[in-house]
Amino acid sequence: MRVDVISIFPEYFAPLDVSLIGKARERGILDIHLHQLRDWAHDVHRTVDDTPYGGGPGMVMKPEPWGEAIDTVLAADPAAQPRIIVPTPSGVPFTQKLAMEYAAEPWLLFTPARYEGIDSRVMAEYGSRMRVDEVSVGDYVLAGGEVAVLVMVEAVGRLLPGVLGNANSAVDDSFAPGAMENLLEGPVYTKPPEWRGHEVPEILLSGHHGKIARWRRDEALRRTARNRLELLAALDPETLDKHDRKL
Ligand SMILES: Nc1cc(-c2ccc3ccn(Cc4ccc(CN5CCCCC5)cc4)c3c2)n[nH]1
């Protein structure tokens, strides 16, 4: 997968050299290209923002630098088109389902903005020829889109074949399709069996895999009910067996 990111703070993406994503890049699974937006701002101050038409707080990012930067990225492979992903507080929610959709794409272009966002004509221009998604990573306002891109690249990158070892498969993730779909993870434990007077639940030491699976599902249901009751309400009744209903 090729990933391009255009930003006035490309240094924000240093974490993509580390750990899981860093290794995926070394192994050629992920090919990430960072671009400094100001390289396409040709005035002496390399200006990328201006006051908003119609008044209002803050500044808006000018269309010209973004247009030239995106055109340059698109020229990298004229025979293909990236999916353009625009982080914004007013976008569609970024979910595990959307992460899985993006993980199937050969080329993603992220356009993290700053200030109050990008002149809306930029995405209108590209939206007429390719998929442009406005995406929110949560109902809170960040200072810019860079952290949102880090979130999405990590969530998508870990789903790519070969990135997670088999031992850490993403198949069992919360929100991944399947039996534990839309349930939160239950508690996890490792050695020692007793730590500061706290013991590991006996069932986990029993070696009885059926009972362990049942216990884990019960704990996932309990935690989901405690922290995200709306997810429980959204569960398909078909997936709740009679034992679940007693919890
Ligand atoms: N999930 C999520 C993504 C972002 C995100 C992504 C990209 C950019 C680019 C700039 N900012 C900061 C910004 C954007 C818009 C406003 C306008 N304000 C929005 C809230 C309602 C009132 C009007 C203020 C500040 C960004 C913020 N935050 N949270």
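Numbering of ligands and ligand atoms starts at 1, following listing order.
In this view, Leu20 and Arg158, Val163, Leu164 satisfy the side chain to side chain contact (heavy atoms under 4.5 Å, CB included) rule, not counting sequence neighbours. By the side-chain hydrogen bond (donor to acceptor under 3.5 Å, both in side chains) test, Thr95 is found to be paired with no residue, residues two or more places apart in sequence or in another chain being considered. Considering only residues two or more places apart in sequence or on other chains, Pro201 meets the side chain to side chain contact (heavy atoms under 4.5 Å, CB included) condition with Tyr189, Ile203, Leu204, Trp215.
Between Asp244 and Arg217, at least one side-chain N (NZ, or NE/NH1/NH2) sits under 4.0 Å from a carboxylate O, which counts as a salt bridge. At a threshold of 4.0 Å, the pair Arg214-Asp241 counts as salt-bridged, since one of the basic side-chain nitrogens sits closer than that to a carboxylate oxygen.
Within 4.0 Å of ligand 1, protein heavy atoms come from Pro87, Thr88, Pro89, Ala113, Arg114, Tyr115, Glu116, Ser136, Val137, Gly138, Tyr140, Val141, Leu142, Ala143, Gly144, Gly145.
Taking every heavy atom of both residues into account, Glu219 and Arg222 meet most closely at OE2-NH1, 3.0 Å.
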